[in-house]
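When a residue number appears, it is its place in the shown sequence, counting from 1. Just the heavy atoms: all of them, side chains too, but no hydrogens, waters or symmetry mates, feed the values below.
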Amino acid sequence: MLIARELKKEDETKLLDMVDEINNFDSNFEGLTNISKIINYDLFLEKLEKNKYQELINPKYSPQTTFGVFDGEKLVGGFNLRHIIKGDLINHGGNIGYLIRPSERKKGYGTILLALALEKAKEIGLEKVLVSCREDNIGSAKVIEKNGGVYGNNYYDKELNQTYKRYWIYLK
């Protein structure tokens with residue numbers, strides 16, 4: 001059974017193992033970029049806590065909560081839940097960014113992970129969320145659609161030279 005919860009000190013080895021796996025596979029942390037460079041785990045946890053509160057972060061940034069997703073004791077992925085959308089997140093990124101570790105992809109975890117993220121979004125009072133993925137990420141598009149994603153449009157980011165598909169998911 002998958003559970004989503006905020007990361008704790010006891011998760012350090014599990015998270016660093018997942019980061020190493022991603023770095024060795026493709027170095028693509030899109031969807032969960034805040035875990036890509038952890039130098040000091042305690043400071044990392046402090047930053048995650050701070051990121052939840054608008055008054056403690058740059059006014060241009062969106063407050064967010066980061067969750068690890070566990071299958072039993074194994075950390076299979078995670079997601080950022082942005083409480084509001086600011087800046088470029090309206091074009092790509094949206095309210096939820098998620099990631100499945102490479103060894104656990106194509107096993108159905110993505111669909112459940114996003115469903116867990118949507119539950120957390122409901123808990124903080126969101127009525128709809130924006131979720132996006134690279135245009136060429138067919139697996140992620142399927143995950144979003146399975147979770148009720150309604151295609152909105154594509155957005156081309158000139159700086160990244162990347163096209164993103166934007167979806168809205170209405171929470172009931």
Side-chain angles (χ1 to χ4, degrees), residues 1-8 11 15 18 22 28-36 44-71 75-101 104-105 107-135 137-157 160 162-172:
M1 181 170 132
L2 289 185
I3 62 157
R5 63 169 171 75
E6 292 183 56
L7 296 165
K8 302 186 266 188
D11 300 321
L15 182 62
M18 185 172 82
I22 295 165
N28 185 357
F29 287 87
E30 190 170 70
L32 203 58
T33 54
N34 60 345
I35 69 163
S36 62
F44 168 74
L45 289 179
E46 286 177 23
K47 183 177 181 184
L48 293 185
E49 183 63 26
K50 180 181 172 183
N51 285 344
K52 296 187 315 188
Y53 305 99
Q54 185 68 67
E55 62 273 12
L56 299 178
I57 61 174
N58 185 320
K60 296 179 182 178
Y61 297 162
S62 297
Q64 66 181 9
T65 305
T66 299
F67 294 87
V69 176
F70 297 82
D71 188 353
L75 180 61
V76 297
F79 62 89
N80 290 331
L81 174 59
R82 298 174 194 102
H83 310 175
I84 57 173
I85 301 174
K86 291 186 171 189
D88 283 342
L89 291 173
I90 195 67
N91 299 319
H92 60 84
N95 293 96
I96 299 170
Y98 61 93
L99 168 120
I100 301 291
R101 68 188 303 156
E104 301 302 325
R105 293 178 184 160
K107 296 181 180 180
Y109 283 127
T111 301
I112 301 167
L113 182 148
L114 183 53
L116 291 169
L118 296 172
E119 285 300 317
K120 297 294 184 185
K122 284 183 199 175
E123 288 174 17
I124 66 168
L126 297 181
E127 295 179 5
K128 67 179 181 175
V129 295
L130 175 65
V131 185
S132 68
C133 63
R134 288 187 329 270
E135 185 179 43
N137 190 340
I138 296 165
S140 192
K142 287 181 181 179
V143 163
I144 296 166
E145 291 166 2
K146 285 180 185 176
N147 275 283
V150 177
Y151 174 76
N153 66 320
N154 282 359
Y155 173 79
Y156 177 71
D157 187 310
L160 297 173
Q162 188 68 249
T163 300
Y164 294 87
K165 294 176 83 169
R166 299 171 71 248
Y167 293 88
W168 289 98
I169 300 176
Y170 298 86
L171 308 173
K172 298 172 184 128

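Using a 4.5 Å heavy-atom threshold, the side chains of Val131 and Tyr98 count as touching. Counting only heavy atoms from C-beta outward, the side chains of Tyr164 and Arg134 approach each other to under 4.5 Å. Side-chain contact between Val76 and Lys107: absent, with no pair of heavy atoms (C-beta onward) separated by less than 4.5 Å. Side-chain contact between Asn80 and Asn51 is absent, with no heavy-atom pair separated by less than 4.5 Å. Residues Glu127 and Leu171 form no side-chain contact, since every pair of their non-hydrogen atoms from C-beta on lies 4.5 Å or further apart.
Of all non-hydrogen atoms in Leu113 and Gly78, the two that sit nearest each other are CD1-N, 3.7 Å. Counting all heavy atoms, side chain and backbone alike, Leu45 lies closest to Leu7 at CD2-O, 3.8 Å. Heavy-atom minimum distance, Ala4 versus Val69: CB-CG2, 4.1 Å. Of all heavy-atom pairs spanning Ala121 and Val129, the tightest one is CB-CG1, 3.9 Å. The shortest heavy-atom contact between Arg82 and Gly97 is NH1-N, 3.6 Å.
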Next on the checklist: Test side chain to side chain contact (heavy atoms under 4.5 Å, CB included) on Leu160 and His92; report intermediate values, then the result.
Outcome noted: CA-CA 11 Å; Leu160 297 173; His92 60 84; 3.9 Å; yes
Item to check | Derivation and outcome, ring-ring contact (aromatic ring centres under 6.0 Å, His included), residues Phe67 and Phe79 | outcome: CA-CA 5 Å; Phe67 294 87; Phe79 62 89; 4.8 Å; yes
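Lys86 places a side-chain N or O within 3.5 Å of a backbone atom of Pro59 that can act as its donor or acceptor partner. Of the possible donor and acceptor atoms, none in the side chain of Thr163 sits under 3.5 Å from a partner among the backbone N and O of Tyr156. Not a single donor-acceptor pair under 3.5 Å links the side chain of Glu145 to the backbone N or O of Ser140. Remark: side-chain polar atoms of Asn147 are paired, donor with acceptor, to backbone N or O of Thr111 under 3.5 angstrom. Between the Arg166 side chain and the Leu130 main chain, no donor and acceptor come within less than 3.5 Å of each other.
Under the side chain to side chain donor-acceptor pair (under 3.5 Å) rule, Thr65 has a single partner from Lys120, Lys52, His83, Glu6, which is His83.
Note: Leu89 CG to Ile96 CD1 = 12.5 Å, rounded to the nearest 0.5 Å. The distance from the OH atom of Tyr167 to the CG atom of Leu114 is 11.5 Å, given to the nearest 0.5 Å. Atoms CD1 and CD, on Ile84 and Gln54 in that order, are 5.0 Å from each other to the nearest 0.5 Å. With values rounded to the nearest 0.5 angstrom, Leu48 atom CG is found 10.0 Å from Ile35 atom CD1. For the atom pair Leu118 CG and Ile169 CD1, the distance stands at 4.5 Å (nearest 0.5 Å). Here the straight-line distance linking atom CD1 of Ile144 with atom OG of Ser132 works out to 7.0 Å at 0.5 Å rounding.
Checked for salt-bridge contact, Asp11 and Arg5 meet the test: a charged N lies under 4.0 Å from a carboxylate O. Salt bridge Glu104/Arg101: absent, no basic N to carboxylate O contact under 4.0 Å. Looking at Lys122 and Glu119, a side-chain N of the basic residue comes within less than 4.0 Å of a carboxylate O on the acidic one, giving a salt bridge.
Summarising the local packing, OH of Tyr151 is surrounded by more than 12 heavy atoms from other residues, nucleotides or ligands at distances under 6.0 Å.
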